Number of protein chains: 2
Amino acid sequence: MKTSKRPRAPLRQSYHHGDLRAALLAAAARLLEKEGAEAVSFRAIAREVGVSQTAPYNHFESKEHLLATVAEDGFRSFVVLQRAAARTRLPRRRLQALGRAYVGFASAHPQLYRLMFGVGLADWKRYPSLVEAALESCIPVQQALADLPSGEDGSCWVATWAMVHGLASLLIDGKLGPSDADRLADRAVGWYAALLFGDDR
Amino acid sequence: MKTSKRPRAPLRQSYHHGDLRAALLAAAARLLEKEGAEAVSFRAIAREVGVSQTAPYNHFESKEHLLATVAEDGFRSFVVLQRAAARTRLPRRRLQALGRAYVGFASAHPQLYRLMFGVGLADWKRYPSLVEAALESCIPVQQALADLPSGEDGSCWVATWAMVHGLASLLIDGKLGPSDADRLADRAVGWYAALLFGDDR
DNA sequence: CTTATATATTGACGTTGTCAATATAGAAGC
DNA sequence: GCTTCTATATTGACAACGTCAATATATAAG
């Protein structure tokens, strides 16, 4: 019988390779961030781990499925950062902290961010756990906006998300100039936060 | 000689196409918008035009060069729309019109917009005419912001561009819900424009 | 031990971007 | 007219890609 310690574990994860599934995800994430999105091929991932080109098909039905899982893991670590930033006391600083955490995550993991928030996954709606993780990661910002003195409606949330997402995208896509990008971005976030509160500085 | 053989009847009468370069650009733009970015292959473009797979290499040194030219053409038609919107009299309405034209262009040509403002071109700086066209397309918004009563600095321009670009990206990448996307976007732009002017509604 | 099953490999197919060599058409020079 | 030159187009090939089918193997179950 199986060990009662593991409540689930209907699938033994240790076999030829040991834990190929986790190794594939780690290799994919590493390749994605280091070599760029174009270099992430199913075969390259398998090569990196040291298995044959079709071994991953025992764990992921397609390349997109693997990438969707990488993105899902990305959301899970992203939401941790967002929750940490949301613990800031003052509402204004809280929103600033959330924005900085958002842009900071994108700057730290540009390829992963693109995979999560871009069009890397053609039909990401086919992966429910990915959708769930993505929606969950939006909660802190939505909550912070709802806590504002002047309760805003949905358009405020959309505008805020658009502002931060656009800033992150422009930054990591190299559209904002070489050196002063971060400084400018920080000022833009601050300026926007000030706008939200109606006062300046 | 070859008359007896005739291995393969060419799809057109003359050996030389005439204006292959323009035909390739048109086919690429059509394929891009209709079939999606993933379906745009060098060979598919050639197939669409009716030439062999390597014929395009006489006009574009690589697939990326062709796509960069498509993007450049995109900027040239985009800037026309921006200039038209910039002719709006009242500064506030002018900024709104620019924002609507921006988001409208992205909604009308999502794949082209992604190619222009996203990471479709890995090293777009290698194509000077593309860079020039891209920079030129930013002038109307920058001008409109400079004409605001409260002259803002660079961070305001960045924040504005980020807001509009983020909105467009979220829209065309399907992150904003199915139906009410456009309405929400319009309200967000208006809300943002109101913020810029310090008055509401 | 035998069997069953989950996992991994080999080999193949059609696709892609791109290169090298070759063929053709139309213009320039005689 | 003919020849030659050059721009353009074609064929064929190569490695790499995603994915499928058939096969092998190592552990778990009986």
Side-chain angles (χ1 to χ4, degrees), chain A residues 1-6 8-25 27-28 31-32 35-70 120-123 126, chain B residues 1-25 27-28 31-32 35-70 115 120-123 126:
Chain A
M1 63 176 285
K2 299 172 206 146
T3 39
S4 55
K5 265 204 283 192
R6 288 183 221 166
R8 285 192 77 197
L11 305 174
R12 300 154 303 285
Q13 293 175 345
S14 178
Y15 208 74
H16 275 152
H17 178 275
D19 193 355
L20 183 54
R21 191 188 140 94
L24 288 171
L25 288 174
L31 263 179
L32 175 70
E35 309 284 342
E38 298 298 304
V40 177
S41 72
F42 224 49
R43 293 166 109 106
I45 296 170
R47 216 178 298 129
E48 185 87 354
V49 175
V51 295
S52 71
Q53 63 218 7
T54 54
Y57 279 93
N58 291 295
H59 301 274
F60 302 96
E61 65 181 10
S62 66
K63 178 188 177 183
E64 188 172 43
H65 184 201
L66 199 165
L67 290 180
T69 312
V70 171
L121 292 322
D123 46 352
R126 287 195 47 200
Chain B
M1 313 292 192
K2 58 186 183 306
T3 22
S4 58
K5 198 71 189 292
R6 186 111 92 152
R8 192 86 176 140
L11 295 172
R12 67 186 178 287
Q13 304 84 345
S14 62
Y15 190 85
H16 289 323
H17 180 277
D19 194 358
L20 183 54
R21 191 189 140 93
L24 288 171
L25 287 173
L31 264 177
L32 174 70
E35 309 283 341
E38 299 296 305
V40 177
S41 71
F42 223 49
R43 294 167 107 107
I45 296 170
R47 218 178 295 129
E48 185 87 354
V49 175
V51 295
S52 71
Q53 62 218 6
T54 53
Y57 279 93
N58 290 295
H59 302 272
F60 301 96
E61 63 182 10
S62 66
K63 177 188 178 183
E64 188 172 46
H65 184 202
L66 199 165
L67 290 180
T69 311
V70 171
L115 184 65
L121 293 322
D123 46 352
R126 286 196 47 201

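Sequence lines set the chain letters: A, B, ... in the order given, protein chains first and strands last, and positions in each chain run from 1. Since the model is a prediction, treat every value here as computed from it, not as a measurement.
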Base C:dT7 paired with A:R21 side chain (donor-acceptor, <3.5 Å) |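 Result: no qualifying N/O pair found.
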In residues 38-53 of chain A, what donor-acceptor pairs under 3.5 Å come from side-chain atoms, sequence neighbours left out?
{"residue": "A:S41", "atom": "OG", "partner": "A:A44", "partner atom": "N", "Å": "2.9"}
{"residue": "A:R43", "atom": "NH2", "partner": "A:Q53", "partner atom": "OE1", "Å": "3.2"}
{"residue": "A:E48", "atom": "OE2", "partner": "A:R30", "partner atom": "NH2", "Å": "2.9"}

B:V70 versus B:A28, closest heavy-atom pair with distance |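 Nearest pair, atom of B:V70 first, then B:A28: CG2-CB, 3.9 Å.
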Between [N] atom [atom2] and [X] atom [atom1], what is the distance in whole Å?
{"X": "A:E61", "N": "D:dG18", "atom1": "CD", "atom2": "P", "value": "15 Å"}
{"X": "B:F42", "N": "D:dT10", "atom1": "CZ", "atom2": "C1'", "value": "15 Å"}
{"X": "A:L31", "N": "D:dC17", "atom1": "CG", "atom2": "C1'", "value": "14 Å"}
{"X": "A:F60", "N": "D:dT19", "atom1": "CZ", "atom2": "C1'", "value": "16 Å"}
{"X": "B:H59", "N": "C:dT18", "atom1": "NE2", "atom2": "P", "value": "16 Å"}
{"X": "B:L24", "N": "C:dG17", "atom1": "CG", "atom2": "P", "value": "13 Å"}
{"X": "A:N58", "N": "C:dT10", "atom1": "CG", "atom2": "P", "value": "14 Å"}
{"X": "A:Y57", "N": "D:dA24", "atom1": "OH", "atom2": "P", "value": "22 Å"}

Would you mind telling me which of C:dT9, D:dT10, C:dA12 lies closest to the side-chain atoms of B:V51?
->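 In terms of side-chain proximity for B:V51, the closest of C:dT9, D:dT10, C:dA12 is D:dT10.
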What's the closest nucleotide to the A:K63 side chain, out of C:dT10, C:dT18, D:dG18?
->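 Out of C:dT10, C:dT18, D:dG18, the nucleotide with an atom closest to A:K63's side chain is D:dG18.
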Atom pair CG/CZ of A:L24 and A:R21 - distance to nearest 0.5 Å =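 Going from the CG atom of A:L24 to the CZ atom of A:R21 covers 9.5 Å.
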When rounded to the nearest 0.5 angstrom, what is the spacing between NE2 in B:H65 and OG1 in B:T69?
->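 One finds 4.0 Å between NE2 of B:H65 and OG1 of B:T69.
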Report the residue (B:D19 or B:R43) whose heavy-atom-nearest nucleotide on DNA chain D is the more 5′ of the two.
->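 Taking each residue's closest nucleotide, the earlier one in sequence belongs to B:D19.
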Nearest-nucleotide wise, let me know which of A:T54 and A:R47 is further upstream toward the 5' end of DNA chain D.
->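 That would be A:R47.
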OP1 or OP2 of D:dC17 under 4.0 Å from side-chain N/O of A:S41 =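 Yes, within the criterion.
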Please tell me if the side chains of B:L121 and B:R126 come closer than 4.5 Å, counting only heavy atoms from C-beta onward.
->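 With C-beta onward as the side chain, the pair stays apart.
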